[in-house]
Amino acid sequence: MAKFSNMIRSLLASSLGLPGMQELLAQEAPDDAIDYRYTHYDEDPLPLNKLAFGDPRRYEIQSHQFRIIRNLNDSYSLELGYLHEAMSGSSPLYVLPDPSGPLQVMSGATIRERRNQADLAITRRKHDYTNTFAIGYSTENDYEALYASYAGEKDSNDGLRTISWGASYSDDEITPTDALLHGRVLFAERDSISGSLSITQVLNRNAVIQSGVSLTRQSGYLSDPYKQVWINQAVLNDSRPGRRVMFAWTTRFRQYMERSRAALTVDYRFFQDDWEITAHTLESAWRQPLGDNWEIAPSIRYYSQVSPDFYALFYFELPPDGYWSSDYRLATYGALSYRLHAEFRQERWSLSLGAEYYNSDKSLALAGTPENTPALVDFWRLTLGFKVEL
Amino acid sequence: MKSTCCSTDHQLLLLACLLAVLLGLPACAPVQPWERGRLAQPQMALDRDALLAAMDDHIYASKEAASGGVGPSGGGCGCN
């Protein structure tokens with residue numbers, strides 16, 4: 001029965017020539033392809049009325065991503081990925097109390113650094129199973145990560161359901177720059193292990209849903225060596241617990257709109273960890289084909305998080321548990337991002353363009369007690385992608 | 001102890017959106033192989049573009065406290 005079902009699906013994929021059939025049928029190998037994407041990421045400068053001292057210009061990042069997919073035979077395929085990033089700008093250090101409101105201290109000199117990352121994955125497709133093993137290495141002047149992952153998939157006999165599972169491990173080393181000069185930790189390690197499980201179900205001929213959970217455990221040096229904290233006239237290094245367990249539940253829904261041929265997408269993620277951070281992410285897009293070659297996809301993303309108990313803008317007493325952080329990324333806040341993505345497709349190649357504006361603010365927080373965190377980030381992202389099927 | 005702030009309206013709005021999505025979900029129905037053409041359209045893919053999805057995860061995870069999704073994660077970075 002399974003063979004018959006597979007035969008029908010193979011016949012459909014080849015004889016109807018439906019674009020994207022490979023994405024629906026997980027055990028079908030993707031075509032050999034070369035993929036490139038350029039991303040320009042630019043954070044808005046810190047407003048001068050929120051600056052204590054330092055350089056208000058924040059991060060600007062250029063990223064180049066490459067990916068090559070090569071099928072070795074009917075069962076095995078290789079995927080090689082490479083990423084290069086060039087970053088420059090200044091970074092928020094700590095927050096000072098002031099009668100006019102909290103003021104942000106930024107790093108003085110503009111930071112310049114590069115990051116290179118390489119990944120290699122091998123996938124085996126056999127009957128209704130897909131198994132992928134991957135390894136990767138990321139290096140920058142003060143950070144190295146070596147990681148490995150496994151992902152498995154099993155399709156049901158009727159091809160309407162896929163169960164996916166995965167696990168990953170990352171071993172990271174940190175050697176902060178100018179450590180002696182600024183009293184930072186000289187060398188530190190952290191590792192991360194995670195597992196995930198999800199199910200994808202075809203609901204009817206127009207709708208599909210996926211829901212899954214992931215659990216991640218981090219241990220080691222989880223503080224940020226470049227962040228500091230103002231505690232009653234003294235400036236100390238960031239200090240966070242050495243262990244963190246994170247849970248995420250994600251559900252993704254796709255609905256085909258018959259009249260417009262568009263797809264409505266809704267993604268939701270609930271996040272919680274044992275630092276007592278809770279976060280919600282809701283994203284929706286309208287993917288509209290125009291003619292035979294174009295697709296336009298406006299989308300909106302909402303994010304909200306509640307800070308951990310040990311976070312504060314500044315402290316007037318030394319916290320007795322020894323944990324403190326003023327990192328704006330741990331604050332209670334919400335963010336809205338607006339995105340537009342356009343793609344032009346031909347038979348063997350495609351070109352895509354995208355733009356995003358991300359705005360974060362305490363007034364967008366869903367829950368918690370947001371404060372006037374001066375360093376909350378707003379950024380622009382522009383992206384250009386090119387893909388050729390060989 | 002964290003107190004709930006003035007954004008109860010936001011919470012209700014999010015809950016309403018989620019309920020609308022969940023209640024609007026059509027029940028599972030048998031779908032024959034020849035009826036799956038629409039599901040196979042590119043706009044219906046769960047992950048539209050692998051490189052774009054990887055960059056999304058990288059940026060949001062380095063600027064927000066939350067991370068993790070439905071698949072295994074990659075390595076860390078010193079992003080600040």
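Here is the naming used below: chain letters follow the sequence lines, and residue numbers restart at 1 for every chain.
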Applying a strict 4.5 Å limit to non-hydrogen atoms, the region of A/F379 in contact with chain B is side chain
With the side chain counted from C-beta on, respond yes when A/L83 and B/M55 share a heavy-atom pair under 4.5 Å apart, and no when they do not. yes
Can you measure from OH (A/Y41) to OG (B/S62) and round to the nearest 0.5 angstrom? 6.0 Å
Of the non-hydrogen atoms in A/V202 and B/L39, which two are nearest, and what is the gap between them? CG1-CD1, 3.4 Å
Take B/R38 and A/R261, measure what side-chain contact (heavy atoms from CB on, under 4.5 Å) needs, and give me the verdict at the end. CA-CA 9 Å; B/R38 291 167 182 161; A/R261 296 190 300 128; over 6 Å; no
Using non-hydrogen atoms only, which part of A/E258 is less than 4.5 Å away from chain B: side chain, backbone, both, or neither? side chain
Measuring heavy-atom distances to chain B, does A/S214 have an atom under 4.5 Å in its side chain, in its backbone, in both, or in neither? both
Region of A/Y358 in contact with chain B, defined by heavy-atom distances below 4.5 Å: side chain
Comparing A/R381, A/M87, A/Q305, A/R67 against chain B, the one with the most heavy-atom pairs below 4.5 Å turns out to be A/R381
Only residue of B/Q41, B/Q43, B/M44 satisfying side chain to side chain contact (heavy atoms under 4.5 Å, CB included) with A/R287 is B/Q43
Stepwise side-chain contact (heavy atoms from CB on, under 4.5 Å) test for B/D47 and A/R252: CA-CA 10 Å; B/D47 286 312; A/R252 307 195 287 177; 2.9 Å; yes
At a heavy-atom distance under 4.5 Å, which candidate from A/E295, A/R190, A/Q218 has the highest pair count against chain B? A/E295
Rounded to the nearest 0.5 Å, what's the gap from CG on A/N206 to CZ on B/R36? Could you check? 13.5 Å
Heavy-atom distance under 4.5 Å to chain B: side chain of A/T200, backbone, both or neither? side chain
Identify whether the distance between the nearest side-chain nitrogen and carboxylate oxygen of B/D49 and A/R37 falls below 4.0 Å. yes
Taken to the nearest 0.5 Å, the spacing of B/Y60 OH from A/R269 CZ works out to 10.5 Å
Chain B contact via A/E343 - side chain, backbone, both or neither, heavy atoms under 4.5 Å: side chain
Could you tell me whether the side chain of B/R48 reaches within less than 4.5 Å of the side chain of A/T265, counting heavy atoms only? no
Turns out that what part of A/R339 lies under 4.5 Å from chain B's heavy atoms comes down to side chain
Kindly determine whether A/H341 and B/L52 satisfy side-chain contact (heavy atoms from CB on, under 4.5 Å), including the steps that lead there. CA-CA 10 Å; A/H341 188 81; B/L52 191 60; 3.6 Å; yes
Non-hydrogen atoms of chain B under 4.5 Å away: do they reach the side chain of A/Q65, the backbone, both or neither? both
Side-chain heavy atoms of B/K63 within contact of A/E43, under 4.5 Å: yes
What part of A/I277 lies closer than 4.5 angstrom to a heavy atom of chain B: side chain, backbone, both or neither? side chain
Is any side-chain heavy atom of A/R345 closer than 4.5 Å to one of B/P42? yes
Is there a side-chain contact between B/E64 and A/Y333 in this structure, where contact means two heavy atoms from C-beta onward sitting under 4.5 Å apart? yes
Between B/D56 and A/R301, is there a side-chain N and carboxylate O pair less than 4.0 Å apart? no
Relative to chain B, which segment of A/S337 carries a heavy atom at a distance below 4.5 Å: side chain, backbone, both, or neither? side chain
Looking at B/A54, B/A50, B/G68, which has the largest count of heavy-atom pairs under 4.5 Å with chain A? B/G68
Check for a donor-acceptor pair, side chain of A/Y303 on one end and backbone N or O of B/A66 on the other, with a separation under 3.5 Å. yes
Which atoms of A/A279 come close to chain B, meaning under 4.5 Å heavy atom to heavy atom: side chain ones, backbone ones, both, or neither? side chain
Determine the minimum heavy-atom distance between B/A65 and A/L330, stating which atoms define it. CB-CD2, 4.2 Å
Does any heavy atom of chain B fall under 4.5 Å from the side chain of A/Q288, the backbone, both, or neither of them? neither
Checking A/R254 side chain against B/L46 main chain: does a donor-acceptor pair fall under 3.5 Å? yes
Please look at B/I59 and chain A and tell me whether the side chain, the backbone, both or neither of the residue comes under 4.5 angstrom of a heavy atom of that chain. side chain
